[in-house]
2 protein chains.
Amino acid sequence: MTTELRTVLGDLVSVNNRLTRLAASVSGNAESPAIWRTIAVLRDLGPMRLGELARVSRVSQPTMTKLVHTLDERGWIRRIADAGDARAWLISADPSGGAALLAWRDEITAALEPTFADLTDDEIATLAASVEIVRTRLERARTAMQTGDVA
Amino acid sequence: MTTELRTVLGDLVSVNNRLTRLAASVSGNAESPAIWRTIAVLRDLGPMRLGELARVSRVSQPTMTKLVHTLDERGWIRRIADAGDARAWLISADPSGGAALLAWRDEITAALEPTFADLTDDEIATLAASVEIVRTRLERARTAMQTGDVA
DNA sequence: TAATTATACATAGCTTGGCTATGCAAATTC
DNA sequence: GAATTTGCATAGCCAAGCTATGTATAATTA
């Protein structure tokens, strides 16, 4: 029923909010979630223009300009001039950026692992299935957005 | 196996990161995730001292002082003097804060619903189960922390 | 009991992530 | 060729996060 779907969605966002803080705090807090999110998007979806990267990441274009600047300073992305449009850049994840992302994931998963160590195989499968469900909806929201939809 | 657990945990944090942005962007962005997270913690766990609220929320004490100040301005929490310790306050969710939280949840879930509308009952159950799994681990991390543990 | 140490919260000051408004140059359209 | 649209950058603001430090109360201990 719709009521239950809404409840679950609300709980999902709420719990995620706290999990994100937990992940940030168990890592050394060296880099922000926004940095890792941006690299992850680039790795998952491939090189794209700055504006599209902003839309996919659900941040404003100026915010993405800043993030890309920071990532560029770290050497974690490449800016490739877009042949055919002198205004545009293609933003691509540098291998070092991917490596940094993996290192961060290692760090937080190692820190979180004890707390989740007693999960059964079924529970792990449940989490994996949920990740897939949310991932497909994020992708859907992305493509819907491109066609002018709201959510 | 452990490898798969780590992969799932990393994916979970990554996907949540993007979902949090989606939720923030579909809402009017009127208030920050930190505000809602704090009220949610107070509602779930009941009144507590500012310092404990900071630890549970995984933010520093000065950050929580600021958040509580903002929440107080909105009238969404109450500061109750702790009888027996003149330094301490008990922070309690005001009914208006709970109402504001529910209104925000209504807003974001209404906005997200179309994207998730085609979920089967099984998929909804999977999401609900995941929420419960993560919630229990957050609670475990909280109590472990109080006994001096790291994660 | 008086002095010391520890605790609870507040303040100061910084960085980063987020936003809107605006500017500028290149593409596109008329 | 002029006007409009588009893509990114800049400016300037606020909130959330941090560390370092201050201040008052508790707790401890000499």
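Applying the side chain to side chain donor-acceptor pair (under 3.5 Å) rule to D11(A) yields the partners R105(B); only residues at least two apart in sequence or on another chain are considered. Residues satisfying the side chain to side chain donor-acceptor pair (under 3.5 Å) test with R79(B), not counting sequence neighbours, are none.
Distance CG (L53(B)) to P (dA10(C)): 12 Å, rounded to an integer number of Å. Note: CD (E31(A)) to C1' (dT15(C)) measures 12 Å, nearest angstrom. Rounded to whole angstrom, the span from the CD1 atom of I35(A) across to the C1' atom of dG18(C) amounts to 13 Å. Between D82(A) atom CG and dA26(C) atom C1' there is a gap of 12 Å when expressed in whole angstrom units. Atom CE of M64(B) and atom C1' of dC9(C) are 13 Å apart (whole Å). As a whole-Å value, the separation of H69(A) NE2 from dT15(C) P is 15 Å.
Evaluation of the ring-ring contact (aromatic ring centres under 6.0 Å, His included) test over residues 65-90 of chain B, restricted to residues two or more places apart or in two chains, returns W36(B)-W76(B). Applying the salt bridge (Lys or Arg N to Asp or Glu O under 4.0 Å) rule to pairs touching residues 80-90 of chain A yields R49(A)-D82(A), R49(A)-D85(A), D85(A)-R87(A), sequence neighbours excluded. Judged as a ring-ring contact (aromatic ring centres under 6.0 Å, His included), not a single pair has a partner in residues 41-64 of chain A (not counting sequence neighbours).
Summary of the strand contacts: V59(A) and G84(A) both lie near DNA chain C, and taking for each the nucleotide with the nearest heavy atom, the more 5' one is attributed to V59(A).
More than 12 heavy atoms of other residues, nucleotides or ligands sit less than 6.0 Å from atom CZ of R135(B).
The phosphate of dA15(D) has neither OP1 nor OP2 within less than 4.0 Å of any side-chain N or O from S32(B). At dG18(C), none of the side-chain N or O atoms of S60(A) fall inside 4.0 Å of OP1 or OP2 (strictly under the cut-off). Contact check, R37(B) against dA15(D): no side-chain N or O comes under 4.0 Å of OP1 or OP2.
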Polar pairs (N or O, both sides) under 3.5 Å between protein and nucleotides 7-11 of chain D?
{"from": "dC8(D)", "atom 1": "OP1", "to": "W89(A)", "atom 2": "N", "distance (Å)": "3.3"}
{"from": "dC8(D)", "atom 1": "OP2", "to": "G51(A)", "atom 2": "N", "distance (Å)": "2.9"}
{"from": "dA9(D)", "atom 1": "OP1", "to": "R79(A)", "atom 2": "NH2", "distance (Å)": "2.5"}
{"from": "dA9(D)", "atom 1": "OP2", "to": "T65(A)", "atom 2": "OG1", "distance (Å)": "3.1"}
{"from": "dA9(D)", "atom 1": "N7", "to": "Q61(A)", "atom 2": "NE2", "distance (Å)": "2.7"}
{"from": "dA9(D)", "atom 1": "N6", "to": "Q61(A)", "atom 2": "OE1", "distance (Å)": "3.2"}

